Amino acid sequence: MVLPSFQRQTVKVHGRVVEYYMRDALKCIKALYGSPQWAEHLLVVPERHYSDPELSTRLYSDMNTGDLWWALQEELQLRPNTEGATVIPVLVASDKTLLTQFRNKSAYPVYITIGNIPKDIRKKPSQYAQILVGYLPTDRLDHIDVKARRTLATHEVIHGCFQRILRSLNTAGFHGVMLAGGDGQVRRCFPILAGLVVDYPEQALLIGVKYGRCMTCKVNKNDLGSLLANDQRPADRNPDEALLVWRILGQNPDWNAYRDACNRIGMKPLRRPFWVDLPFVNIFRCITPDVLHQLLQGVVKRLTEWIIDVVGESIIDKRCRMLPPNHSIRVFTNGLSGLKNISGTEHAFISAILVGLINGFQPSARRISACSLNPRDARTIGRRVIRATRALIDFLYIAQCLEHSDNTIGYLHQKLHDFHQDKEVFIGLDATNHFNYPKLHWLQHYME
């Protein structure tokens, strides 16, 4: 697989020259698509899989078994001269990484891959199915005195760099490009951005939604912790609406009017988001479920904090030390309350023992007195804490199934409903706890 070389690029921001490095995204996609290493595994057509002869229970595994590929394929077939069009779902991943603990040296790598390669291959580092396509600038632009202006300039620099990296996909995604697969067959391919694999801060940065809001729907920020009924669910974000507001800047030089228009839809007043010219892209639906950042380092982290607060640090730490050694379970000999900078792997080990740690738990007499609880309610409270914890842990494990079905998606919805039924038990014992944060809300979008 021959990869294009890196190019050093510069951009001038308020008098300071900022540099970054990039590869041509289309050439990287061509290298991935044309590699003979995956020729026999390459996915080129959408499929529907079922678990029964009656075709009543749908199965979902690789990207070509989902609805997005079918929708893109049907949209391309309606256009002239696109017979045999082949969709190439482009997946972009990025995560700002701290390289050193001193001097705050950091890197901002961007990786690219395609959904035509099965996920069993993509997820293995040894297969080299993820290509490093760029290093974004990490300059803090400290020479800009006004904080709001400095923040906006930082965001616009990142969007400008992303736009240059993906610029070759604008024409190729709209008109198609002839690419040879690893099997030697030449097809008219349409590389279309289909997924952004990024943590929440990068989501807010790249999509342009204000921090603290949902990136997918227009839910009120005060309802992020609520499970709304189907008839009360907020509308999804509309890319056409966002593009219409952003185009106001070019027609109306009044910056205050443009900023107010962005505030009304919960967006940032960016001058030109990177995805404006990318065809067939609904950027608000490009967010993918992320087990590491959303579940382990988001939901499980909060759940652990709630449990430690409700049960008590000393009890949790004591029960951790009492766990017998086991090949598949990590024993935290110093307990959980003193852990700092917990990794995703450690959160996975914690999630395996959380339900066992609180088994048989009842609030102490001191906590019952402090919270003005009826002592007769202690056992009920203990059961509700266990039910809420078990529901979230079940959601975590079901979400990681390698192949989903209509049934497992229903299980996810049921477990999320069970958690919201008993979540108030954490608030009842400590009024400082709350659930209005985006990562917990976004669990509702896993089923979609």
Side-chain angles (χ1 to χ4, degrees), residues 3-4 7 22-35 42-46 62-64 66-94 110-117 122 129-134 158-182 185-198 203 206-208 237-244 246-247 270 272-288:
L3 298 178
Q7 300 175 357
M22 58 166 282
R23 282 170 165 157
D24 185 276
L26 184 59
K27 292 182 180 179
C28 293
I29 292 172
K30 181 179 180 180
L32 288 170
Y33 185 78
S35 175
L42 210 61
L43 307 173
V44 294
V45 295
D62 281 303
M63 285 195 69
N64 68 327
D67 292 333
L68 173 65
W69 201 318
W70 280 97
L72 291 174
Q73 194 77 47
E74 291 172 357
E75 189 168 359
L76 290 175
Q77 293 298 117
L78 295 176
R79 304 177 63 196
N81 302 322
T82 56
E83 293 80 4
T86 301
V87 176
I88 298 186
V90 179
L91 306 176
V92 177
S94 180
V110 180
Y111 296 89
I112 197 169
T113 186
I114 57 177
N116 308 83
I117 303 174
R122 291 201 313 266
Q130 313 270 350
I131 295 180
L132 179 64
V133 74
I158 297 298
H159 277 268
C161 295
F162 249 91
Q163 191 173 24
R164 291 189 184 182
I165 292 174
L166 302 179
R167 180 183 296 169
S168 56
L169 302 187
N170 297 343
T171 303
F174 190 82
H175 298 289
V177 59
M178 304 304 292
L179 295 181
Q185 294 192 28
V186 179
R187 304 177 180 89
R188 179 176 292 277
C189 298
F190 290 79
I192 299 171
L193 180 64
L196 279 176
V197 187
V198 293
Q203 292 176 15
L206 295 176
I207 295 178
R237 294 190 179 275
N238 188 344
D240 295 332
E241 179 187 38
L243 291 175
L244 181 63
W246 271 318
R247 290 192 180 103
L270 299 172
R272 190 169 185 80
F274 80 93
W275 45 269
V276 167
D277 298 322
L278 294 175
F280 307 108
V281 173
N282 183 348
I283 194 66
F284 305 115
R285 301 295 295 176
C286 285
I287 300 301
T288 59

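Being a predicted model, the structure only gives us computed values, none of them experimental.
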*Asks:* N282: what forms a side chain to side chain contact (heavy atoms under 4.5 Å, CB included) with it, not counting sequence neighbours?
*Replies:* P239, F284, R285
*Asks:* Can you give each donor-acceptor pair under 3.5 Å made by side-chain atoms of residues 170-179, sequence neighbours left out, with the distance rounded to 0.1 Å?
*Replies:*
from	atom 1	to	atom 2	distance (Å)
N170	ND2	R167	O	3.4

*Asks:* Donor-acceptor pair, distance only, cut-off 3.5 Å: does the side chain of T113 make one with the backbone of L91?
*Replies:* no
*Asks:* Would you please name every residue forming a side chain to side chain donor-acceptor pair (under 3.5 Å) with N238, sequence neighbours left out?
*Replies:* none
*Asks:* Quick one: does any side-chain atom of N64 pair with a main-chain N or O of L43 as donor and acceptor, under 3.5 Å?
*Replies:* no
*Asks:* Is it true that a side-chain atom of S94 and a backbone atom of V198 form a donor plus acceptor pair closer than 3.5 Å?
*Replies:* no
*Asks:* Could I get the full list of side chain to side chain contact (heavy atoms under 4.5 Å, CB included) partners for L3, not counting sequence neighbours?
*Replies:* M1, R23, A31, I131
*Asks:* Under 3.5 Å, is there a donor-acceptor pair between the side chain of N116 and the main chain of V90?
*Replies:* no
*Asks:* With sequence neighbours left out, write down each residue that passes side chain to side chain donor-acceptor pair (under 3.5 Å) with Q77, or none if nothing qualifies.
*Replies:* none
*Asks:* What pairs with P46 under side chain to side chain contact (heavy atoms under 4.5 Å, CB included), at least two apart in sequence or on another chain?
*Replies:* W69, W70, Q73
*Asks:* So, using salt bridge (Lys or Arg N to Asp or Glu O under 4.0 Å) as the criterion, who are the partners of R237 when residues are at least two apart?
*Replies:* none
*Asks:* Taking only residues two or more places apart in sequence or in another chain, which ones pass side chain to side chain contact (heavy atoms under 4.5 Å, CB included) with Q185?
*Replies:* D183, R187
*Asks:* Check ring pair (Phe, Tyr, Trp, His ring centres under 6.0 Å) between F190 and all other residues, then give those that pass, not counting sequence neighbours.
*Replies:* none
*Asks:* How far does SG of C161 sit from CG of L166, to the nearest 0.5 angstrom?
*Replies:* 11.0 Å
*Asks:* Could you tell me which residues satisfy side chain to side chain donor-acceptor pair (under 3.5 Å) with E241, sequence neighbours excluded, listed by chain and number?
*Replies:* K218
*Asks:* Going by the rule ring pair (Phe, Tyr, Trp, His ring centres under 6.0 Å), which residues pair with Y33 if we only count those two or more places apart in sequence or in a different chain?
*Replies:* none
*Asks:* Using modelled atom types only, decide if a donor and an acceptor are shared between the side chain of H159 and the backbone of F274 within a distance under 3.5 Å.
*Replies:* yes
*Asks:* Looking at residues at least two apart in the chain, or sitting in another chain, which of them share a side chain to side chain donor-acceptor pair (under 3.5 Å) with R164?
*Replies:* Y20
